Every structure is written in structure tokens, then in C-alpha cells.
Amino acid sequence: MIAAGLDRSILKGAVVGGAINAVINGGIQFWLLKDHAPVALSVDGIGNDVHTVFGAAVPLAVSLAMILTVIGHLTLKGPKRPFWPEMAWLTLRHGIFTFGLLVTLAVIWQRAMGSVTVSLTAAVLILAVVAGLVAGIVNYMTLRTSRVAKSGDEP
């Protein structure tokens, strides 16, 4: 019963944190992309000089995943797992998983849809959604994994 209430609390915090991150990173991406409009979602080719939405999403998401894993662990109050080696490995896993997932989705998109150009507003919204989802999911997963179960908590 206690664990279920705690999980709801973690979920609520993750959703709020994800929304805040979406707004902040959306603003940052607007500032970075304002001179590049319209923006390509992807282009045909790995090596290119074109700024793309998926090209910006990958480093944004990977850095957010890794940074927020560390921050989530450090800010957790109460008993928690040691950072080394468990949470260090979790940080690395979050970064690798996020990288793999976004690159895979970008490649599938490029293969299925080809080169597509979107407006600055659409590009910023896509990047904000990516940042919000990554922030919320990583925060939830980190806090669930970091905390040490107390006796009486459900598994």
C-alpha cells in the first residue's frame, strides 16, 4: 500500500518534471533554430551539413537522459542505492537506450517518409515533446530504481 502511494507520487513528479523540461527545452530549441527555418526532419544520408530535427533530438535526448539520471539519484531523499556502480551503470544504460531508440526511429522515419521539411513551430514542438518524454520517463525510472525498499513496502 505504501509503495503504491509512493509510485503515484513519483509518477506525478515525473509528469510535472517532463512538462517543465518540455517548455524549457522547447524555448532553447526555438532560440537555436530560429535562423534555420524551415527545418528538415531528416535528410537522406548519414553525413551531411544540414541541421535536422532528428539530428538535434538525439544529443538532446541522450544528454537529458544521462544528466537527469544523475540528478534524480542525487536529489532523492531517504535511503537510496549507492551511485557506484549501480546508478552509474543505470546512467550509461539510459544514455545508450535513448541513443539507440531515437536513431532507430529516425532511420525508420527516413526510410519510410524520405526527406520532409517542417516549420520552425513544428520542429520546436517535436523537440519539446522528445525532451518532455525523456525527462518524465527517465525521472520515473531513476527514482523507482534508486530508492531502497523499506520493510513493509510491496515489491
Side-chain angles (χ1 to χ4, degrees), residues 6-33 36-76 80-149 155:
L6 185 58
D7 283 347
R8 275 193 293 270
S9 175
I10 292 172
L11 182 60
K12 181 180 175 187
V15 169
V16 170
I20 291 169
N21 242 293
V23 170
I24 291 170
N25 281 291
I28 292 169
Q29 293 303 317
F30 175 80
W31 185 77
L32 291 172
L33 294 174
H36 293 91
V39 184
L41 280 177
S42 63
V43 292
D44 193 17
I46 292 175
N48 61 66
D49 296 334
V50 179
H51 190 85
T52 65
V53 175
F54 291 141
V58 172
L60 170 67
V62 171
S63 60
L64 268 177
M66 295 179 81
I67 290 168
L68 293 177
T69 299
V70 173
I71 290 173
H73 177 73
L74 293 175
T75 58
L76 181 65
K80 57 186 170 184
R81 299 187 188 285
F83 185 79
W84 186 262
E86 292 178 55
M87 299 313 296
W89 282 114
L90 183 66
T91 302
L92 188 60
R93 282 194 316 256
H94 282 169
I96 291 169
F97 177 76
T98 303
F99 177 82
L101 180 64
L102 283 176
V103 169
T104 300
L105 292 175
V107 168
I108 290 170
W109 173 272
Q110 175 60 35
R111 180 77 174 146
M113 304 301 287
S115 297
V116 177
T117 304
V118 295
S119 68
L120 176 62
T121 303
V124 168
L125 284 174
I126 291 167
L127 291 167
V129 167
V130 167
L133 286 172
V134 168
I137 292 168
V138 164
N139 189 7
Y140 180 77
M141 291 171 62
T142 300
L143 295 181
R144 289 263 342 246
T145 304
S146 292
R147 68 184 175 94
V148 174

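Given the structure is predicted, the values throughout are model-derived calculations rather than measurements.
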Check: What is the minimum heavy-atom distance between G26 and V124, and which atoms define it?
Finding: O-CG1, 3.3 Å
Next item on the list: Please step through side-chain contact (heavy atoms from CB on, under 4.5 Å) for the pair Q29 and L60, ending with a clear verdict.
Entry: CA-CA 10 Å; Q29 293 303 317; L60 170 67; 4.2 Å; yes
Margin query: Test side-chain contact (heavy atoms from CB on, under 4.5 Å) on L102 and F54; report intermediate values, then the result.
Written below: CA-CA 8 Å; L102 283 176; F54 291 141; over 6 Å; no
Notebook entry, point to check: How close do H51 and A56 get, heavy atom to heavy atom, and via which atoms?
Noted result: NE2-CB, 4.0 Å
Note to self: Ignoring hydrogens, what is the shortest heavy-atom contact between A61 and T98? Give both atom names and the distance.
What the structure shows: CB-CG2, 3.4 Å
Check: side-chain contact (heavy atoms from CB on, under 4.5 Å) between D7 and L11: does it pass, once the steps are laid out?
Finding: CA-CA 6 Å; D7 283 347; L11 182 60; over 6 Å; no
Next item on the list: Would you name the heavy atoms of H73 and P82 that are closest together and state the gap between them?
Entry: NE2-C, 4.2 Å
Notebook entry, point to check: Would one find more than 12 heavy atoms of other residues, nucleotides or ligands at under 6.0 Å from atom CZ of F83?
Noted result: yes
Notebook entry, point to check: If we only count heavy atoms from C-beta on, is the R147 to I10 side-chain gap below 4.5 Å?
Noted result: yes
Next item on the list: Kindly compute the distance separating OG (S42) from CD1 (I108), expressed to the nearest 0.5 Å.
Entry: 12.0 Å
Notebook entry, point to check: Would you say the side-chain atoms of R81 pair up with the backbone N or O of T145, donor to acceptor, closer than 3.5 Å?
Noted result: yes
Next item on the list: Can you measure from CG (L74) to NZ (K80) and round to the nearest 0.5 angstrom?
Entry: 6.0 Å
Margin query: Just verifying a value: how many Å separate W89 CH2 and I96 CD1, rounded to the nearest 0.5 Å?
Written below: 8.0 Å
Sequence neighbours left out, cut at 3.5 Å: what donor-acceptor pairs do the side chains of residues 127-143 make with other protein atoms?
{"unit_1": "Y140", "atom_1": "OH", "unit_2": "R144", "atom_2": "NH1", "d": "3.2"}
{"unit_1": "T142", "atom_1": "OG1", "unit_2": "V138", "atom_2": "O", "d": "2.7"}

Item checked: Rounded distance (nearest 0.5 Å) linking atom CG of N25 with atom CD1 of I20 -> 12.0 Å
Next item on the list: Determine whether N21 and L68 make a side-chain contact, defined as any pair of heavy atoms from C-beta on separated by less than 4.5 Å.
Entry: yes
Check: How far apart are the closest heavy atoms of G95 and M66, and which atoms are they?
Finding: CA-CG, 3.6 Å
Item checked: Distance in Å, I28 CD1 paired with L33 CG, rounded so as to fall on 0.5 Å steps -> 11.5 Å
Next item on the list: Work out which heavy atom in P59 is nearest to a heavy atom in S63; give both atom names and the distance.
Entry: O-OG, 2.7 Å
